[in-house]
Number of protein chains: 2
Amino acid sequence: MAGCQRRNTRQRQMVLQELRASYAHPTAGEIYQSVRDRLPNISLGTVYRNLDILLETGQAIRLASILGQEARYDGRCEPHVHFQCHECGRIYDLNSAWPALDDLVGKTLEGHAIAAFQLLLHGTCLECTSSNHD
Amino acid sequence: MAGCQRRNTRQRQMVLQELRASYAHPTAGEIYQSVRDRLPNISLGTVYRNLDILLETGQAIRLASILGQEARYDGRCEPHVHFQCHECGRIYDLNSAWPALDDLVGKTLEGHAIAAFQLLLHGTCLECTSSNHD
DNA sequence: ATCGTTGCAAAATATTTGCAGTTGA
DNA sequence: TCAACTGCAAATATTTTGCAACGAT
């Protein structure tokens with residue numbers, strides 16, 4: 001399956017478009033719901049299969065979430081840092097630069113060759129902090 | 001459930017003991033298998049319920065895994081860095097110090113208050129690199 | 001025409017929960 | 001005692017897969 005000639009199907013286009021349009025780091029189920037507006041017959045299985053292909057081809061990233069167990073996906077592929085709020089569960093992209101982390105890629109640490117990283121910060125997000133003051 | 005008087009049951013003791021004894025960042029199912037050697041009647045539901053309590057009381061950490069979908073748990077609670085091998089899936093503790101990260105805790109970044117972090121590096125581990133050379 | 005892809009439904013995997021009985025403090 | 005806890009089994013949630021039909025190239 002890995003070295004085959006991929007086809008550019010409408011289903012795959014829509015999943016990728018949804019991933020790129022959403023800043024919400026959607027789950028497979030959320031992508032499924034959104035895409036159904038335009039492709040009412042798409043199935044959840046197809047969403048999962050396309051997400052796997054997008055991961056394989058480097059067009060998406062699978063996010064490990066500390067909270068919950070549903071995987072989340074991100075169409076932004078440059079290494080970057082995420083913040084997850086432990087009150088509302090939302091995941092935010094952080095735009096600060098992390099030179100120390102970027103430099104790690106390609107190096108070896110304690111014998112292990114580092115190919116990529118994921119830094120997930122968590123705490124209380126701006127919106128939840130504000131609403132806690134109400 | 002959060003503010004109640006916890007009981008120190010044998011089941012909870014065993015789950016915690018297993019977490020602290022294992023460097024393998026076990027899944028709930030793996031903990032269940034190990035604990036069954038000493039408590040043959042323990043149920044998987046009890047393992048999950050006790051893991052939740054240990055997370056709540058700060059005696060364990062739930063690891064976000066990039067690979068796979070099963071949650072992994074760690075009895076080491078100081079913030080530290082993990083490395084996951086994308087060939088064998090194993091998770092290793094890294095013992096290097098990360099002052100820049102430790103300093104983040106308690107600060108605010110882009111409006112979000114940071115309480116903790118999880119840095120997960122991935123790539124090929126020492127063992128897989130060696131066996132690739134066979 | 002070929003073969004990657006799809007929809008569907010069932011299976012597999014992972015986690016949570018209701019309940020009646022048990023047990024630690 | 002008695003509320004927290006347990007085992008069990010059923011329910012939920014999440015992801016994967018088999019298969020026959022479909023459709024991009």
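Within every chain, numbering begins at 1; the chains are lettered A, B, ... in the order of the sequence lines, protein sequences first and strands thereafter.
Side-chain N/O atoms of B/Thr124 and A/His112 include no donor and acceptor closer than 3.5 Å.
Remark: P of C/dT23 and CZ of B/Arg6 are 20 Å apart, rounded to the nearest angstrom. As rounded to whole Å, 14 Å separates atom C1' of C/dG24 from atom CD1 of B/Ile53. Distance CD (B/Glu70) to P (C/dA12): 16 Å, rounded to an integer number of Å. Atom P of nucleotide D/dA4 and atom CD of B/Glu56 are separated by 13 Å, given to the nearest angstrom. Atom P of nucleotide D/dG7 and atom CZ of B/Arg36 are separated by 10 Å, given to the nearest angstrom. Computed from coordinates, the B/Ile31 CD1 to C/dA14 C1' distance equals 14 Å when rounded to whole Å. As rounded to whole Å, 12 Å separates atom P of C/dT5 from atom CG of A/Asp52. For the pair A/Tyr32 OH and D/dT15 C1', the interatomic distance rounds to 14 Å; values are reported in whole Å.
Taken residue by residue, residues 7-17 of chain A places heavy atoms nearer than 4.0 Å to DNA chain C at A/Arg7, A/Thr9, A/Gln11, A/Arg12.
You'll find the side chain of A/Ile42 reaches within 4.5 Å of the side chain of A/Tyr32, heavy atoms only. Looking at B/Asp103 and B/Lys107, their side chains come closer than 4.5 Å, going by heavy atoms from C-beta outward.
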Go through A/Arg36 and A/Glu18 one step at a time and tell me if the salt bridge (Lys or Arg N to Asp or Glu O under 4.0 Å) criterion holds.
CA-CA 11 Å; A/Arg36 260 157 85 84; A/Glu18 189 55 35; over 6 Å; no

Derivation of the side chain to side chain contact (heavy atoms under 4.5 Å, CB included) call for B/Thr46 and B/Val15:
CA-CA 10 Å; B/Thr46 294; B/Val15 169; over 6 Å; no

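A distance of 13.5 Å separates CG of B/Leu121 from OH of B/Tyr92, quoted to the nearest 0.5 Å. Interatomic distance, CD1 of B/Ile53 versus SG of B/Cys4, reported as 7.0 Å (0.5 Å rounding).
Toward the 5' end of DNA chain D, the nearer of the two residues A/Thr46 and B/Gly45, judged by each one's closest nucleotide, is B/Gly45. Between B/Leu44 and A/Ser43, the one whose closest nucleotide on DNA chain C sits nearer the 5' end is A/Ser43.
Minimum atom distance to the side chain of A/Gln69 is reached by D/dT14, of the listed D/dC8, D/dT14, D/dT15. Residue B/Tyr48 places its side chain closer to C/dT15 than to any other of D/dG7, C/dT15, D/dT15. Proximity note for B/Arg49 (side chain, C-beta onward) versus C/dT15, C/dC8, D/dC8: the nearest is D/dC8.
Checked against the 6.0 Å centroid criterion, the rings of B/Phe117 and A/His122 do not qualify as a close aromatic pair.
Electrostatic pairing of B/Arg76 and B/Glu78 counts as a salt bridge here, judged by a charged N lying under 4.0 Å from a carboxylate O.
In this pair, A/His82 and A/His25 present their aromatic rings perpendicular. The plane angle is above 60°, beyond the 30 to 60° band.
The residue A/Ile42 sits close only to the backbone: its heavy atoms come under 4.0 Å of sugar-phosphate atoms, none of a base.
For the helix from C/dA1-D/dT25 to C/dA25-D/dT1, the angle separating the two terminal helix axes comes to 40°, with each axis derived from five pairs and the value rounded to 10°.
At the phosphate of D/dT6, OP1 or OP2 sits under 4.0 Å from a side-chain N or O atom of B/Asn50.
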